[in-house]
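No hydrogens, no waters, no symmetry mates; every other heavy atom, side chains included, goes into these values. Lettering follows sequence order; numbering is per chain, from 1. The structure presented is a predicted model; accordingly, all values stated were derived computationally and were not measured.
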Amino acid sequence: MDTTNTVADQPKVDRSQMKVSDEVAVRIENMNKWFGAFHVLRDIDLTVYKGERIVICGPSGSGKSTLIRCINALEEHQKGVIEVDGTRLSSDLKQIDKIRSEVGMCFQHFNLFPHLTILENCTLAPIWVRKTPKKEAEEDAMHFLTKVKIPDQANKYPGQLSGGQQQRVAIARSLCMRPKIMLFDEPTSALDPEMIKEVLDTMIELAEEGMTMLCVTHEMGFARQVANRVIFMDQGQIVEQNEPEEFFQNPKSDRTKLFLSQILGH
Amino acid sequence: MDTTNTVADQPKVDRSQMKVSDEVAVRIENMNKWFGAFHVLRDIDLTVYKGERIVICGPSGSGKSTLIRCINALEEHQKGVIEVDGTRLSSDLKQIDKIRSEVGMCFQHFNLFPHLTILENCTLAPIWVRKTPKKEAEEDAMHFLTKVKIPDQANKYPGQLSGGQQQRVAIARSLCMRPKIMLFDEPTSALDPEMIKEVLDTMIELAEEGMTMLCVTHEMGFARQVANRVIFMDQGQIVEQNEPEEFFQNPKSDRTKLFLSQILGH
Amino acid sequence: MSDTHAQSVAYVRESFVEQQTPPVSETGVVKWLRENLFSSIPYAILTLLSLFVLYQILSGVLPWLLGGNWTASSIRECRELVEGAGGCFAVLTERWNQLLFGFSYPSTEYWRPALAFLLLFVCVAPVLFPDLPSKSLILTLLYPFVAYWLLWGGTIVTPIVGLLGVAAGYVAYRATINRGFALSLLAGVVAAVIVWYLGGFVAEELSGVAALMPVESRDMGGFMLNMILGTVCVSLSLPFGILLALGRQSRLPIIKIICITFIEFIRGVPLITLLFVANVVLAYFLPPGTTFDLILRVIIMITMFASAYIAEVIRGGLAALPRGQYEAADSLGLDYAQAMRLIILPQALKISIPGIVNVAVGLFKDTTLVSIISMFDVVGMIRGPILASTDWNGVYWELYGFAALLFFVTCYGISQYSQWLERKLATDHR
Amino acid sequence: MASISEHDTQQDRQGFRPSMLINDTRYRGLTFQFIALMLIILAFAWLGANLMSNLAAAGLDISFGFLDEPAGYDIAFSMIDYTSQSSHLRAAIVGVLNTLLVAFMGCVTATIIGVTAGVLRLSKNWLIARLMSAYVEAFRNVPVLIWILIIGAVVTISGANPRAFLGEEAESNLFLGMFAFTNRGLYAPAVEIGPGALIVLIALIAGIAGAIAWRWYVKHTLFSSGKLLPGWPMWLILLAPPILAYFLFQGAIGLSMPDTMANRFNIQGGTLVGKPLIALWLALSVYTGAFIAENVRAGILSVSKGQTEAAAALGLRPRRVMNLVVLPQALRVIVPPLISQYLNLTKNSSLAIAVGYADITATLGGITLNQTGRAIECILMLMLFYLIISLAISGVMNVYNSTVALKER
Amino acid sequence: ATLDDVQERGTLNCGVTTGLVGFAAPNASGEWEGFDVALCRAVAAAVLGDPTAVEFVPTTGKTRFTALASGEIDMLARNTTWTFSRDNDLGFEFNGINYYDGQGFLVPRDLGVTSAMDLDGATVCVQTGTTTELNLADFFRKNNISYEPVPIETNAEAQQQYLAGACDAYTTDASGLAATRATFEAPGDHVILPEIISKEPLGPLVRHGDNEWGDIVRWTLNALIAAEEYGVTSANVEDMASAAGDSPEVNRLLGTEGNLGEMIGLESDWAVNAISAGGNYGEIFAQNIGEDTPIGLARGLNAQWTDGGLLYAPPFR
Ligand SMILES: Nc1ncnc2c1ncn2[C@@H]1O[C@H](COP(=O)(O)OP(=O)(O)OP(=O)(O)O)[C@@H](O)[C@H]1O
Ligand SMILES: Nc1ncnc2c1ncn2[C@@H]1O[C@H](COP(=O)(O)OP(=O)(O)OP(=O)(O)O)[C@@H](O)[C@H]1O
Ligand SMILES: [Mg+2]
Ligand SMILES: [Mg+2]
């Protein structure tokens, strides 16, 4: 479904503010992954620079989720190199821990912890992983909750919030760990149309602040407005990548064209 | 989200093909229904002519589902008259049977029988209710499955199909009973955006063939394109009804305006 | 547009219909009877049939119940008094204490188990009713120590030392938690053991302080024994059950195999064979000279038994958690122990409470099996000393009826609670 | 989280450091497993060593030689030849068979009782539903041992003394001249096979086959020509051949009636279904039936209302909805817990001795253990037996589960 | 050694039955009493000087041997028949016989049965886990008559079955039959058949391999028997022990002469304590199961050899 309208109604985002540096944030080289005998990711090469906002799209089952889950070591890759902020992903637990504390992740289904309040959700990892004193962690959490515009919900439980609010809490929760990179896996696709906007707004704001972002999404309006690169994946491979304008107006590959017609067309 | 675009991109549906006859298909007169002490449907008057495509909308809890379930005798009404194709609904089992075999119904959650294959789902009622020989019933079923574009899935089980496919099977299953009237209760609201279209297409096709349809839906694109009447319900009453163009452009009642602004506005 | 019916279109409601009361068609008793008892001929026949059965049962039981004798001192005297019609409930009054406390619990001390029993309700409430303030969980934590002191007697220093040990362990654990879970767990255990060890001497020194008359384990009996076995074994089996469940879910094949073997083995054999083991063969497997109490051995076996079942319940709870919870925990950088402790187990346990309660009820009922290995729980008391005595030899119904009633009241209460909880969890799963 | 990988090619070029035993996901698991294995081995070694030293101290050994020795005791009810001179092993086998018998009979009746009660509990008849709830709650909330004892006592007092049937001027007569329900069990005629028995048997089988064929034919005609034939001829086809055959070949199957004259204590001849068996069977059936009733109820309730509505909207009548839509789905939910109830019933049958039934726990784990003092051996064998049974039953359950599992994407 | 363990512990762990009136059963106030119990108390008195320093451990037929073998109990005084295999194969040591019993049958009087030979075809209730079952099988096999056994776990349930008519006869040791019949509403309606179908020498037993301890139990029992023979009773034992009397045998027994106590590692007044705990054998018998009790057993075989019975204590010298 086309959401260009949605974002078009907004004041234009100031792209010039979003700077991309020369430092590498994520480097993926010749990465391959199998599920059993099924080859999900094939020879992925991708370099993400600090401050980049990358949108990944592609048909269902093309391996988008798997790719970003590999970056976070939620899935193990079997071949090739993944380097996050200079740390090479290996089976060493310390390194995995290091990478995870630098990479924030938001899921399609929010995955908030339903037995903890919003505030506890946000302070949990800082307290237990970063060993931040509770007080500090709570102040921090309130800061980010204010940023995603729900400071007043801090003492509620996730189940008492709407989907959009939950997703924003999930973003705030990740931010509390002060990640250098944020990964989003279809953050809006489980949301009712009314709520998509509030989440996208939050993400746009984040982008404006210069956060490095990798985002799997089909919100093409968001891609046009925020992304500095759009990556199209199919059958486990990166088929095409380009700046959004180019990508949408002049898709090179046939598969991309087909996909864009499906997703924008109906 | 606004779905006008969605349908606008399509080749226009040929409305002239869809004829409405003068014969009455459903007549509801002064119908009232209570759940315990709760007055769900209040003084409903509605006449549906053969070939009409009626879309019912309204806020949640306004009694839309209850209304169309009453037509199918899935709920009992306590006051007033419901007549389907000349048969008056009473507690007589024979009449209920007669009405049910003339009225097809599609539910929000498809309600396919998970222990039967697609084909068996479609042939079950023809064999056991209509006493159609199995062979014939299967040919028939394949005909309708082809019509909803999934003949190749006939021997799979519902659990193996996507939501959109399942809803199309549900439509085919109803069609196998050769109903004169089809009722739809939010047929697309449990579906992912990509799948909504395939179901709507099927319904449009059905409308083009002259099927009398009552459809509870919030797909306003579908309403504009296909319906010849839109009914707005609130608090158990029919508040407004009109042709779609008029209904959307000049809603009369305040409640309708409010509702439309909510549903189209964001 | 040509395809619409002008007359039916463009309708706007001006006046709104208010809520009306439903038609007063057929309400009252007659309607109820017709709908619920005589809705069809087969149902009518069934109704009459069950009325007849009900009458038969009541006409047999009521005179027996109402015409019973509560005061006689022996079966002969009772039989003379009731003249064949009523029951000899006198056995209950006369052996009341034995049925509840066994025959060797000192009779002057009956108030102790009674008090412990009452306290049980107070102290379990914070666990059972999620709405109570979580501070009240402290009561629950204190309860084992208080109950131990009340039931077994001896100086109060012993349970206090036990409590101090736990507290010390906890403090040590909290203090070192930043060094990793395994290490801090070890620190906690070491601290607790040190306190217990030192406290042992203190307790010996102060054995007279606030001392209650000490009672041996083997003097526990009657319904009290069922209660003790039930509560002790269920509480002990919870931590083991959790470990087993986690082990069974583990990706490490050897640990998984060990846990599966244990669980399936225990679940595959009847409890009675495990009790035989406790009673008959366990002694062979312990170092020569260790003679520990039968009750302790039985507690070990029943705990093993219950842990296997509880592990299965908790495994269900773990499986019911969406994978996303594990992943979210991982992606926040929590390690395995943290993820389990902070995220997974709190939720899984909450889901599992109804299942755990069911296991607990089943286990509590199964504690009657100890009567077969010559322990005098309430059934053992009946089958042994009471029925064997010259006075009450031959009073079956009254005694078994009483035992059945005791269990029914307890278990029905618990299972109603668990259903209530299930409904509550179903509605407010936040 | 990552685990040991097979495809790994380049992740680990640097050498092995001991800290990797804990920090590296590839070795960490191995380390833990090794520790666990060691602990288990140590524990078993410790237990084994204790056992050895204890046995040595008591001058005992572990040997199964006693199984060959004559058991020396009689067993009232045995399905194979058994005398007090048979070996302990044979006594154990008698016990095994008795356990299996009562478990099998119990499962059958418990299912019947449970399904009936479970369905009735959902019925619209208020009284019936309440009665069934009362039954279920009463049995579920009282220990099975107490029920076995109570029902054993009920059976004992509700039957007449067989002496009442004995002699020339007996106080009571056999029911139909064949049956007597006494406090020692049910006396019934025994079947004696005569010359034409085979034919009757064949007729019986033919009847059953015919009935099945009729059902198939009904379905077939419906499917092929859309005509629905009535169901009652099935019973005719089922019953007519064996009854006809029985009367045509007089004496093919004889009944040996219980004899009330032979003896001053008991009715002789015929078959006796002993009181212990009846009591245990009854107790286990009603007890387990209560649990099954709950499973059945839950199973039926688990089929969503949407399914019934969809079926009704297609015009199916309530009975068809039940048979074609609800039951097939409910069964998937009902059967797994049903099978574990069967398992429970089998395990609960180990309380047989409470009513004097000679099951495996009573023979091998009871009398044999007592007489020989071979506690370790006996209890080991006993556990092994139950373990095999339960593994077999859960094997069946797994097969069932995988065959009926709904196909998912 | 067991003796040291017992002395250190301060109590004697004595295995008894779970409840057989007259032999060992807790009374209404929860104290154990009975014929076997008295023996335990005597041993406790002899060893510890205190007849109440006994922990009674109820055992079933199944558990009694393990309890003893594993050291849970120090001695078993639970009408256990002394047999060859128990003595040798199971590794126990029987320390004498405190009751000469034999298995009998109890039948309702109105059945008109006068001899066990008449029981052809009868249903017989039998308590499982004892030698009774074996004897029963042997008896019917030997006489080539048939019967239906009904195995029953506890005496109380056997009694219930028997009274309800579920079996025609109840068989157990004759002493047990008498004890059981005594609790009936109408004991006169039941007869114990004259046949005694087995020898049932019942006695206390201990583990193999600790002969000192075995000797203590053995000689405590002998002391009780000898005391009756010599006329030492609980009433006069204090007197007689205060100074040496004219009977050297009694003097040695009561420790006023010689050092028998020392020889088995006890105080010299061990026998005095044992006897004053519950009296001599005759007193214990009379008090618990004798003819004046509800059990009403005659001395029969259990009379002193001087009275034509089998009790014959070896000399104390
Ligand atoms: N744990 C798993 N085990 C086996 N196969 C898996 C697993 N997870 C995903 N797959 C398969 O890997 C492929 C890629 O999955 P992935 O979830 O990355 O796709 P996607 O591009 O995110 O699709 P979607 O848009 O539907 O989320 C799919 O074919 C999927 O079936
Ligand atoms: N079986 C029932 N018993 C009692 N109340 C019911 C029942 N079914 C529906 N209701 C109530 O009747 C009202 C109308 O319900 P209905 O399902 O017809 O609304 P709806 O317009 O279809 O809403 P939605 O858009 O949410 O489907 C609601 O308030 C609902 O709570
Ligand atoms: Mg995905
Ligand atoms: Mg609805």
Side-chain angles (χ1 to χ4, degrees), chain C residues 32 35-39 43 46-47 50-51 53-54 247 250-255 258 264-265 267-274 276-277 280-281 283-288 330 336 361 364-369 371-372 379 382-383 396-397 400-401 403-405 407-412 414-415, chain D residues 1 3 29-30 32-34 36-37 40 46-51 53-55 57-58 60 120 123-129 131 137-138 140-147 149-150 153 343 346-351 353-354 361 365 369 375-376 378-380 382-383 386-391 394:
Chain C
W32 187 88
E35 269 191 3
N36 293 306
L37 294 182
F38 301 98
S39 53
Y43 270 162
L46 269 181
T47 302
S50 39
L51 278 178
V53 170
L54 213 58
S250 162
R251 281 175 294 99
L252 309 177
I254 294 182
I255 290 182
I258 292 172
E264 292 305 325
F265 174 75
R267 281 159 41 93
V269 298
L271 177 57
I272 187 71
T273 59
L274 292 177
F276 284 165
V277 169
V280 184
V281 297
Y284 287 116
F285 288 96
L286 299 173
D330 275 353
Y336 179 80
V361 169
F364 178 55
K365 290 191 296 171
D366 280 348
T367 57
T368 50
L369 298 196
S371 67
I372 291 182
V379 176
I382 295 174
R383 294 180 84 192
Y396 300 97
W397 308 112
Y400 285 132
L405 190 71
F407 277 97
F408 180 80
V409 169
T410 333
C411 298
Y412 185 71
I414 305 177
S415 68
Chain D
M1 249 204 241
S3 65
L30 288 179
F32 285 158
Q33 298 193 65
F34 180 76
L37 197 63
I40 291 279
W46 182 72
L47 292 176
N50 286 338
L51 177 66
S53 63
N54 279 324
L55 286 179
L60 297 172
L120 285 184
S123 93
K124 272 182 289 181
N125 189 316
W126 183 86
L127 189 63
I128 298 278
L131 274 182
E137 295 301 345
R140 266 160 40 105
N141 289 308
V142 172
V144 62
L145 179 60
I146 295 184
W147 277 124
L149 290 169
I150 290 183
L343 198 56
T346 312
K347 288 194 279 176
N348 283 337
S349 74
S350 60
L351 301 177
I353 191 60
T361 311
L369 191 161
I376 299 179
C378 287
I379 289 184
L380 197 70
L382 191 61
M383 288 185 144
Y386 283 108
L387 208 57
I388 290 171
I389 296 255
S390 73
L391 287 183
S394 44

Under 4.5 Å to a heavy atom of chain C? For I40(D) that would be side chain
Those residues at least two apart in sequence (or on a different chain) that pass side chain to side chain donor-acceptor pair (under 3.5 Å) with N50(D) are none
Turns out that what part of I255(C) lies under 4.5 Å from chain D's heavy atoms comes down to both
| said: If you define the side chain from C-beta out and look only at heavy atoms, does anything of F276(C) sit under 4.5 Å from V281(C)? | reply: no
Turns out that what part of L252(C) lies under 4.5 Å from chain D's heavy atoms comes down to both
So, the part of L127(D) with a heavy atom under 4.5 Å from chain C: the answer is both
Okay, I353(D) and chain C: the region with an atom under 4.5 Å from a heavy atom over there is neither
If one checks every heavy atom of L51(C) against chain D at 4.5 Å, the contacting part turns out to be both
So, the part of I379(D) with a heavy atom under 4.5 Å from chain C: the answer is side chain
Taken in chain and number order and not counting sequence neighbours, the residues that satisfy side chain to side chain donor-acceptor pair (under 3.5 Å) with T367(C) are N226(C)
Whatever's closer than 4.5 Å to a heavy atom in chain C on T346(D) counts as neither
Residue pair S415(C) / N141(D), side-chain heavy-atom distance below 4.5 Å:
yes
Whatever's closer than 4.5 Å to a heavy atom in chain D on I414(C) counts as neither
Note: vs chain D, highest number of non-hydrogen pairs under 4.5 angstrom among F364(C), Y396(C), W397(C) is W397(C)
When the 4.5 angstrom heavy-atom criterion is applied to T47(C) and chain D, the contacting part is both
